[in-house]
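Below is one structure; the comments refer to it alone.
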Amino acid sequence: MSGWKIVEWSREKARGAIESNVGRLPFDGHVALVDDFRIGETVEIRLMNGAVTRIAPISARSVVENIPANWPHYDKLLARFSSHMGMGSDLVIVGAGGDRLELELWDHEWWPPSVPALAKVTFHEVTYVQLEMRTERFSRITARAWGDVRNANPPWIRELSIGLDDVDTGEVLFVFEDDTFGARPGFVIASSVT
């Protein structure tokens with residue numbers, strides 16, 4: 001069920017309340033899929049006999065939130081590329097070879113050569129790719145130093161089919177994120193991006 005919003009939440013007490021036009025309901029933290037709800041946030045719930053049995057946010061949590069150092073020199077480039085991602089665009093591999101990966105965003109109604117690509121990005125010295133292609137679901141790319149990722153050891157790291165020690169600490173993890181909670185991200189590990 002949707003249309004519910006968080007009106008109370010305490011991580012310490014693991015208790016909260018949601019509200020919609022049909023009323024207000026309390027819930028316990030053990031039925032929650034996250035512990036960082038925000039007041040006013042829209043959630044999806046499952047009810048049984050008038051009690052909340054499952055609650056999850058609608059919007060995604062960034063998979064890289066708890067990893068310290070962002071790569072500021074990539075922020076502007078990745079933000080510009082990310083601004084074209086989402087509904088109406090497809091992520092397409094246009095070149096790969098050796099240790100290089102070229103991606104373009106195409107308008108899925110008018111792909112090249114009808115119109116030029118919306119945006120292009122090239123990853124250099126690529127050592128790992130785990131990425132769904134021709135999808136409009138990704139909404140942004142973030143970058144983190146592999147050394148920071150390795151030290152933080154986030155739970156999602158197990159989704160990668162590469163060992164923590166198999167990657168040089170100087171490499172960069174590029175994460176393709178979705179705005180939908182629980183959606184699987186895409187990953188590219190490379191030394192740089194242009």
Side-chain angles (χ1 to χ4, degrees), residues 1-71 74-75 78-91 105 107-109 118 130-145 148-162 164 173-188:
M1 297 179 92
S2 58
W4 294 87
K5 292 186 186 277
I6 299 288
V7 291
E8 287 179 34
W9 173 244
S10 168
R11 181 183 290 179
E12 295 75 30
K13 294 178 184 175
R15 301 184 71 66
I18 53 175
E19 196 170 76
S20 78
N21 59 352
V22 294
R24 184 181 178 109
L25 287 173
F27 69 92
D28 289 324
H30 75 278
V31 300
L33 297 187
V34 300
D35 67 354
D36 63 346
F37 290 113
R38 295 178 295 273
I39 303 300
E41 177 175 24
T42 303
V43 292
E44 189 171 271
I45 66 166
R46 193 176 296 149
L47 292 174
M48 182 180 282
N49 299 325
V52 178
T53 59
R54 180 183 183 274
I55 183 166
I58 299 288
S59 59
R61 302 309 199 246
S62 174
V63 298
V64 293
E65 276 176 356
N66 299 321
I67 298 171
N70 198 6
W71 282 61
Y74 291 141
D75 279 356
L78 294 178
R80 194 171 36 213
F81 188 81
S82 296
S83 71
H84 296 285
M85 295 174 85
M87 294 302 289
S89 66
D90 293 321
L91 187 60
L105 284 171
D107 181 312
H108 76 238
E109 300 281 330
L118 300 170
Q130 180 178 313
L131 188 60
E132 253 182 76
M133 299 309 298
R134 285 204 49 88
T135 178
E136 59 185 30
R137 71 178 183 82
F138 295 125
S139 58
R140 72 189 152 278
I141 305 174
T142 55
R144 293 295 187 273
D148 291 339
V149 173
R150 186 176 157 190
N151 292 338
N153 197 13
W156 52 264
I157 204 81
R158 291 183 287 282
E159 291 187 32
L160 302 178
S161 59
I162 193 168
L164 288 174
L173 175 69
F174 297 92
V175 182
F176 290 70
E177 297 189 51
D178 189 314
D179 282 332
T180 308
F181 177 75
R184 188 181 182 122
F187 302 100
V188 172

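Side chains are part of it too, since the values below use all heavy atoms of this structure and drop only hydrogens, waters and symmetry mates.
In this structure, the side-chain hydrogen bond (donor to acceptor under 3.5 Å, both in side chains) partners of Arg150, at least two apart in sequence or on a different chain, are Asp165. Applying the salt bridge (Lys or Arg N to Asp or Glu O under 4.0 Å) test to Arg11 and every residue at least two apart in sequence or in another chain returns Asp35. Residues that satisfy the side chain to side chain contact (heavy atoms under 4.5 Å, CB included) test with Leu160, not counting sequence neighbours, are Tyr128, Gln130, Trp146, Ile157, Ile162, Phe187. With sequence neighbours excluded, the residues that form a side chain to side chain contact (heavy atoms under 4.5 Å, CB included) with Ala17 are Val7, Glu8, Arg24. Listed by chain and residue number, Phe138 satisfy the ring-ring contact (aromatic ring centres under 6.0 Å, His included) test with Phe176 (two or more places apart in sequence, or in another chain). The side chain to side chain contact (heavy atoms under 4.5 Å, CB included) search around Ala51 returns none, not counting sequence neighbours. Thr53 is linked by a side chain to side chain contact (heavy atoms under 4.5 Å, CB included) to Arg46, Met48, counting only residues two or more places apart in sequence or in another chain. Arg15 is linked by a salt bridge (Lys or Arg N to Asp or Glu O under 4.0 Å) to Asp28, counting only residues two or more places apart in sequence or in another chain.
Distance NE2/His84 to CG/Asp107: 11.5 Å, rounded to 0.5 Å. Glu41 contributes atom CD, which lies 8.5 Å from atom CD1 of Ile58 (distance to the nearest 0.5 angstrom). Atoms CD and CD1, from Glu44 and Ile18 in turn, are 11.5 Å apart once rounded to the nearest 0.5 Å.
Of all heavy-atom pairs between Val34 and Pro57, the closest is CG2-CD, 3.8 Å. The shortest heavy-atom contact between Gly3 and Ser20 is O-CB, 3.4 Å. Of all heavy-atom pairs between Leu131 and Gly186, the closest is CD1-CA, 3.8 Å. Taking every heavy atom of both residues into account, Ser82 and Ile141 meet most closely at OG-N, 2.8 Å. Minimum heavy-atom separation, Gly50 to Leu25: O-CD2, 3.6 Å. Residue Ala56 comes nearest to Leu33 through the heavy atom pair CB-CD1, 3.7 Å, listed as atom of the first residue, atom of the second, then distance.
In this structure, Val22 and Trp4 have side chains that are in contact, with non-hydrogen atoms separated by less than 4.5 Å.
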Subject >> Stepwise side-chain contact (heavy atoms from CB on, under 4.5 Å) test for Ile6 and Ile55 >> reply: CA-CA 10 Å; Ile6 299 288; Ile55 183 166; 4.0 Å; yes
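Between Phe37 and Trp9, the ring planes lie perpendicular to each other; the angle is over 60°, past the 30° to 60° tilted range.
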